2 protein chains.
Amino acid sequence: MQKTSTAPAKFTHVQCGDCPIRHRAVCARCETDELARLEETKYYRSFEAGQTIVWSGDRMDFVGSVVTGIATLTQTMEDGRRQMVGLLLPSDFVGRPGRETAAYDVVATTDLVMCCFRKKPFEELMVQTPHVGQRLLEMTLDELDAAREWMLLLGRKTAREKIASLIAIIARRDASLKMQKSEGRVIVDLPLTREAMSEYLGLTLETVSRQISALRKDGVIEIEGKRHITIPDFDRLIEEAGDDSDGGFLV
Amino acid sequence: MQKTSTAPAKFTHVQCGDCPIRHRAVCARCETDELARLEETKYYRSFEAGQTIVWSGDRMDFVGSVVTGIATLTQTMEDGRRQMVGLLLPSDFVGRPGRETAAYDVVATTDLVMCCFRKKPFEELMVQTPHVGQRLLEMTLDELDAAREWMLLLGRKTAREKIASLIAIIARRDASLKMQKSEGRVIVDLPLTREAMSEYLGLTLETVSRQISALRKDGVIEIEGKRHITIPDFDRLIEEAGDDSDGGFLV
DNA sequence: CGCGAGCCTTGACCTAAATCAACCCGATGC
DNA sequence: GCATCGGGTTGATTTAGGTCAAGGCTCGCG
């Protein structure tokens, strides 16, 4: 596993945990540490909930990944209609190598820490070490799959199915990170406001609210406060989501 | 430009024209011909309009690109609701390296010729020659952008805007291939049935038909037969499409 | 303590698009 | 010549979700 390397000890895979970009984008199986070469250009940035990180059209001279918190990619039409097109959870990658300006608004929906690299050196590294590009291709293909699942949701699912799908998606992502199950019951904290959910799902926030209430009334979910959700029967939720190919998790 | 190469003459960039996968996926600027190594695994396949090339879940042991004709990627729910998630025009790439089975139905909507490579050797080539992977990453990122534009369309646009957008998308793709403009007027042949359009747009085919009629009645488009469309004022069409970031072409 | 701001819920009503249904048109086959 | 079939249009009606409007709850602040 542990390859001998010219990089100093502090760059070995022990540090993978604290820097998702390294973990996910580079040393997929902790076999390499090419990114060590970028160590001097690496920096952390913190944002408060609600803060916009980049505006669509702005110059964007970094790439990076989410360390903690949640960010979204959103598109806006002139008249203000908004559609979320990306939901970034910890370890997700932001920024497109080879593009000058941001194509979407990037917004922190919770307090957020990102790990960034200056884009130019990152791009150079990509050319030098195929490993990085290959990993990035894999991640981009995953994102594309997620986007396509999302398109099915937007184009064909009912409001109720959309809500059920979103809860399932978040539960799955959450679970894969934190394993919060107890005897089949799954517990999730929605990290999004009703408005953010509506932007994700292509609905109004009133409809989101109503459908969440309906799912609760029908016993599909239990709610404590506004955001804390318990799913007594996950299969039931999946059924409500109308998911054909389950197992696929979007985002 | 023309690099000396160990490959026989028949593999030089002169052949790029007749094999889009080589042109688009590999020798982006006709500088390389790595794919020559795959020449013996390359083959062409023809399909008739309406034929399904691969069923979602099927084993898929090739990758390839569209040479002529049009194919679609479609997702289906158990109850039959269908959403198109990819529209493949000539030179577009099909197939995900690293995936065993197809995630979507691939359907030929017109008579179609594809240029295919067996997946295994293609994947090996990708590891050996970073060039190929880099080009593929670029293409995948483009597709992801297109998917996100598409999500805005599905989630937030009205039926009329959706139709206008689709016509604009096809016109742009078409124009960039064939340059069919005459004094500002743009002429397109819709390569899709009303049903296929409805699957693209997340509408019913009746709504598609009605909105096309409405756009014609309002002079935004002129129609001859069922499929032949003239756009007297392209900017007007774009306006009807509600496009914010124009210039970006989806698909 | 009262006040306002955010976030959320619920109700009444409206409308865009879906649904159901009839029909047109051109090609294909017998 | 007639029947059939796939693709397309158009009309009447229904409905899911949007819109507008009135609160409710909680938290921070003067």
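Letters go in sequence order (proteins before strands), and every chain restarts at 1. Being a predicted model, the structure only gives us computed values, none of them experimental.
With respect to the salt-bridge test (charged N to carboxylate O, under 4.0 angstrom), the residues B/Asp142 and A/Arg99 do not qualify.
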For residues 50-57 of chain B, which side-chain donor-acceptor pairs fall under 3.5 Å, sequence neighbours excluded?
unit_1: B/Gln51; atom_1: OE1; unit_2: B/Glu48; atom_2: N; d: 2.7
unit_1: B/Ser56; atom_1: OG; unit_2: B/Ala103; atom_2: O; d: 3.2

Run the side-chain donor-acceptor check on residues 106-114 of chain A: report pairs under 3.5 Å with partners two or more places apart or on a different chain.
unit_1: A/Thr109; atom_1: OG1; unit_2: A/Ile70; atom_2: O; d: 3.2
unit_1: A/Thr110; atom_1: OG1; unit_2: A/Ile70; atom_2: N; d: 2.9
unit_1: A/Asp111; atom_1: OD1; unit_2: A/Ala49; atom_2: N; d: 2.8

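When all heavy atoms of B/Ile221 and B/Ile212 are compared, the pair lying nearest together is CD1-O, 4.0 Å.
Taking the side-chain contact (heavy atoms from CB on, under 4.5 Å) definition, one finds that B/Arg227 meets it with B/Leu190, B/Thr193, B/Arg194, sequence neighbours left out. With sequence neighbours left out, A/Thr230 forms a side-chain contact (heavy atoms from CB on, under 4.5 Å) with A/Arg185, A/Ile187, A/Glu222. Every residue meeting the side-chain hydrogen bond (donor to acceptor under 3.5 Å, both in side chains) condition with B/Arg236, not counting sequence neighbours, appears here in chain and number order: B/Glu240. In this structure B/Glu224 satisfies the side-chain contact (heavy atoms from CB on, under 4.5 Å) test together with B/His228, sequence neighbours excluded. By the side-chain hydrogen bond (donor to acceptor under 3.5 Å, both in side chains) test, A/Arg45 is found to be paired with no residue, residues two or more places apart in sequence or in another chain being considered.
Note that the first and last nucleotides of DNA chain C, 5' to 3', having any atom under 4.0 angstrom from a heavy atom of chain A are C/dC8 to C/dA12.
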Detail all sub-3.5 Å separations between protein N/O atoms and N/O atoms belonging to nucleotides 15-17 of chain D.
unit_1: D/dG17; atom_1: OP1; unit_2: A/Ala159; atom_2: N; d: 2.8

Under 3.5 Å between N/O atoms: give me all the protein pairs with nucleotides 6-9 of chain D, atom names plus distance.
unit_1: D/dG8; atom_1: OP1; unit_2: B/Arg227; atom_2: NE; d: 3.0
unit_1: D/dG8; atom_1: OP2; unit_2: B/Arg194; atom_2: N; d: 2.8
unit_1: D/dT9; atom_1: OP1; unit_2: B/Arg194; atom_2: NH2; d: 3.2
unit_1: D/dT9; atom_1: OP2; unit_2: B/Arg194; atom_2: NE; d: 2.7
unit_1: D/dT9; atom_1: OP2; unit_2: B/Ser209; atom_2: OG; d: 2.7
unit_1: D/dT9; atom_1: O5'; unit_2: B/Ser209; atom_2: OG; d: 3.2

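Summary for the helix from C/dC1-D/dG30 to C/dC30-D/dG1: the axes at its two ends, each from 5 pairs, differ by 20° when rounded to the nearest 10 degrees.
Contacts classified as salt bridge (Lys or Arg N to Asp or Glu O under 4.0 Å) and involving residues 79-88 of chain B (residues at least two apart or in different chains) are given here: A/Glu161-B/Arg81, B/Asp79-B/Arg81, B/Arg82-B/Asp105, B/Arg82-B/Glu199.
Within the 4.5 Å cutoff, side-chain heavy atoms of B/Asp145 are placed close to those of A/Arg96. The shortest side-chain heavy-atom distance between B/Ile238 and B/Arg172 falls under the 4.5 Å cut-off.
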